[in-house]
K.L.:
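For reference, the structure I am asking about is given below.
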Amino acid sequence: MNLSVRLVGFTALAAALATACAPQTSGTSSSAKDDKSGTLRVWLFQEVDNRPKQQVVDAVLAGFEKAHQDTEVSVEYIPVETRAQRIKAAFNDPKSAPDVIEYGNTDTAGYVRDGGLLDVTREFDAWSEAADTDPTARRSVTVDGRVYGAPYFVGVRALYYRTDVFEELGLAVPASRAELISTAKRIRAAKPHLYGLAVGGAYTYGALPFLWADGGELATGEEGSYASALDSPAARKGIKAYTSLFGDDNCPAAKCAGMNGNDTVTAFASGKAAMAIGGDFSHAAVEAGKVRGKYAVVPLPGVKPGSIAPAFAGGNNIGVLKSTSHRTLAVDLMKRLASKKTQGELFDAMGFLPTFTDVRRQAAAKEPFVKPFVDTLAAGTRFVPASPAWAQIDSSLVLPTMFQEIVSGKKDVAAASEDAARKMNDAFGAAG
């Protein structure tokens, strides 16, 4: 029996115990093989602070190898920003492709259209733990009624703010978007070395609540037929509000236009920003930073005082590639990585919100920091168009390009949103 776990790139084995029953043999995959030994390759996303995640994953892999003789697991942690290119290349080259991947829930429809993900409906429905999956999370792995993975965690964003800075300056926590913007600029004026609110031109999911709060939409229509709504008056109002935060009076465009979500969280955690829009999944990174003990979290305020801006219902899934030659082993590993036990441990280590309703209730009772995110979920979340075109729109940086054109002064809101809407419609049309 080979019990070693080889972790490629950013991690090394931390041996631990984790046990589970061996799975029943599944049907053959598209590779027409179902080998019960050998090496399985896994791609997972790299986090801002990846060490806690690695420790949880290491324990899962050690238990998996203990349960399966002559089996090894090779894990690579890949940057989220380059996932589209890496995974597309894997779909086109099965010989170098991983067996199991972590993928964003916005990518499901596109990956299914590309023929990259394995249909695991039968195995998922037979999995006893699946009965407690949040219905929204289950929809994130479902296309045309078939299941293509297991939900890994659900992610929503809220407002992180520095309690020490607010106390020193005598500031109240913003209760509306207008207060959020004015407070950010007051902080910057009083403390020029800080960003008032860290924002990023490449931070799509931090920007969308501004668009949705004004009643704007990314697109109109339904599955199979969408048209962009970025150039609508409501959407433009939200875009204008978000881009107004780029400037010397808050977050200078020269530095902030290229920032993504991880960059803004890093700025906050390192003490360079008084506020940031971060996820429940950002908690561990902030706790590991210089602001530990000096921050709090509240829902991101909406337009009306006391309201909560609609947040993106994000999160990640674990799936098996259609090209795997280890279907039974890969599906078992998928279940272990997305199990209740693992999700509970990821919550403890990273703050990732579980996709199982019972595990999430336990998490909320255990840790107070969960409340703003649960409140945000309860207030109503939004999602991107359920179209294969979204993967192309996202990877082509349609929205970041729009934001960056505006904050750089190359185009005004009307022209930039019109161009972005045209690009989205081209993608929708190409997707059929």
Side-chain angles (χ1 to χ4, degrees), residues 46 48-49 79-82 84-85 157 159-162 165-166 169 171 174 177-211 213 230 235-279 282 285-286 289-291 295 300 309 312 393-420 423:
Q46 181 185 359
V48 175
D49 179 2
V80 175
E81 293 77 21
T82 60
Q85 298 90 330
R157 292 166 175 83
L159 181 68
Y160 286 72
Y161 71 96
R162 289 275 299 275
V165 172
F166 273 65
L169 299 180
L171 300 172
R177 189 176 70 190
E179 290 182 9
L180 174 67
I181 294 173
S182 63
T183 300
K185 294 183 178 182
R186 285 180 64 185
I187 293 170
R188 177 72 173 179
K191 294 181 174 292
H193 62 288
L194 291 178
Y195 302 139
L197 171 65
V199 289
Y203 191 9
T204 297
Y205 300 111
L208 287 179
F210 288 75
L211 183 151
L230 276 183
R236 285 174 170 170
K237 190 173 181 181
I239 293 167
K240 183 177 181 180
Y242 184 68
T243 54
S244 72
L245 287 160
F246 292 81
D248 292 340
D249 58 353
N250 176 57
C251 201
K255 294 184 178 179
C256 302
M259 287 168 57
N260 57 35
N262 281 353
D263 295 329
T264 63
V265 171
T266 298
F268 182 82
S270 64
K272 296 178 181 178
M275 294 185 286
I277 300 168
S282 306
V286 175
K290 293 181 179 180
V291 299
Y295 74 94
L300 185 69
F312 167 64
I393 292 167
D394 193 26
S395 64
S396 298
L397 306 178
V398 172
L399 270 69
T401 298
M402 175 186 71
F403 294 131
Q404 290 164 355
E405 288 176 339
I406 295 168
V407 303
S408 69
K410 291 181 179 179
K411 294 179 182 176
D412 60 18
V413 171
S417 62
E418 183 177 353
D419 286 350
K423 293 173 183 176

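Values in this document were obtained by computation on a predicted structure and should not be read as measured data. The basis for the numbers below is simple: all heavy atoms, side chains too, and nothing from hydrogens, waters or symmetry mates.
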K.L.:
I need the minimum non-hydrogen distance between Ile181 and Ser244, along with the two atoms involved.
P.N.:
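Scanning both residues, the minimum pair turns out to be CD1-OG, 4.0 Å.
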K.L.:
Do Tyr160 side-chain atoms and Gly279 backbone N/O form a donor-acceptor pair below 3.5 Å?
P.N.:
yes
K.L.:
Do Met402 and Ser417 have side chains that approach each other closer than 4.5 Å (heavy atoms only, starting at C-beta)?
P.N.:
yes
K.L.:
Please give me the minimum heavy-atom distance between Met275 and Pro174, naming the atom from each residue.
P.N.:
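Closest heavy-atom pair between Met275 and Pro174: SD-CG, 4.4 Å.
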K.L.:
Tell me whether the count of non-hydrogen atoms from other residues, nucleotides or ligands lying under 6.0 Å of NZ in Lys411 goes above 12.
P.N.:
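Atom NZ in Lys411 is crowded, with more than 12 foreign heavy atoms closer than 6.0 Å.
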K.L.:
Sub-3.5 Å donor-acceptor pair from the side chain of Ser270 to the main-chain atoms of Ala267, do we have one?
P.N.:
yes
K.L.:
Drop me the distance from Cys256's SG to Asn250's CG, to the nearest 0.5 angstrom.
P.N.:
7.5 Å
K.L.:
Just verifying a value: how many Å separate Leu399 CG and Leu230 CG, rounded to the nearest 0.5 Å?
P.N.:
5.0 Å
K.L.:
Determine all donor-acceptor pairs shorter than 3.5 Å in which one atom belongs to a side chain in residues 197-207; sequence neighbours excluded.
P.N.:
{"from": "Tyr203", "atom 1": "OH", "to": "Arg157", "atom 2": "NE", "distance (Å)": "3.1"}
{"from": "Tyr203", "atom 1": "OH", "to": "Ile277", "atom 2": "O", "distance (Å)": "2.6"}
{"from": "Tyr205", "atom 1": "OH", "to": "Trp390", "atom 2": "NE1", "distance (Å)": "3.2"}

K.L.:
Taking all non-hydrogen atoms of both residues into account, name the closest pair between Phe268 and Ala276 and its distance.
P.N.:
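Nearest pair, atom of Phe268 first, then Ala276: CB-CB, 3.7 Å.
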K.L.:
Any sub-3.5 Å donor-acceptor pair from Ser182's side-chain atoms to Glu179's backbone N or O?
P.N.:
yes
K.L.:
State, to 0.1 Å, how close Arg177 and Phe210 come at their nearest heavy-atom pair, and which atoms those are.
P.N.:
NH1-O, 3.1 Å
K.L.:
I'd like to know if the side chain of Asp263 reaches the main chain of Asn260, judged simply by a donor and an acceptor atom lying under 3.5 Å from each other, with no hydrogens or angles considered.
P.N.:
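A pair under 3.5 Å: yes.
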K.L.:
Taking all atoms of both residues into account, what is the closest heavy-atom pair of Val265 and Ser282, and its distance?
P.N.:
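In terms of heavy atoms, the two residues are closest at CG2-OG, 3.6 Å.
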K.L.:
Count the heavy atoms of every other residue, nucleotide or ligand shown that sit under 6.0 Å from NZ of Lys237, and state whether that count exceeds 12.
P.N.:
no
K.L.:
Quick one: closest heavy-atom pair of Thr266 and Val48, and the distance?
P.N.:
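Heavy atoms only, the tightest pair is OG1-CG1, 3.7 Å.
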K.L.:
Would you please test Thr183 and Phe166 for side chain to side chain contact (heavy atoms under 4.5 Å, CB included) and show each step?
P.N.:
CA-CA 9 Å; Thr183 300; Phe166 273 65; 3.9 Å; yes
K.L.:
OG1 of Thr243 to CD of Glu405: how many Å apart, nearest 0.5 Å?
P.N.:
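Atom-to-atom, Thr243:OG1 and Glu405:CD are 12.0 Å apart.
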K.L.:
From Glu418 CD over to Arg236 CZ, what is the distance, rounded to the nearest 0.5 angstrom?
P.N.:
6.5 Å
K.L.:
Return the CZ to CG distance between Arg162 and Leu194, rounded to the nearest 0.5 Å.
P.N.:
6.5 Å
K.L.:
Does atom NZ of Lys185 have more than 12 heavy-atom neighbours, drawn from other residues, nucleotides or ligands, at distances under 6.0 Å?
P.N.:
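Counting other residues, nucleotides and ligands, NZ of Lys185 exceeds 12 neighbours.
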K.L.:
Nearest 0.5 Å, what's the CZ-NE2 distance between Arg188 and His193?
P.N.:
9.5 Å
K.L.:
List in chain and number order the residues that pass ring pair (Phe, Tyr, Trp, His ring centres under 6.0 Å) with Tyr195, two or more places apart in sequence or in another chain; answer none if no residue qualifies.
P.N.:
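Ring pair (Phe, Tyr, Trp, His ring centres under 6.0 Å) list for Tyr195, sorted by chain: empty.
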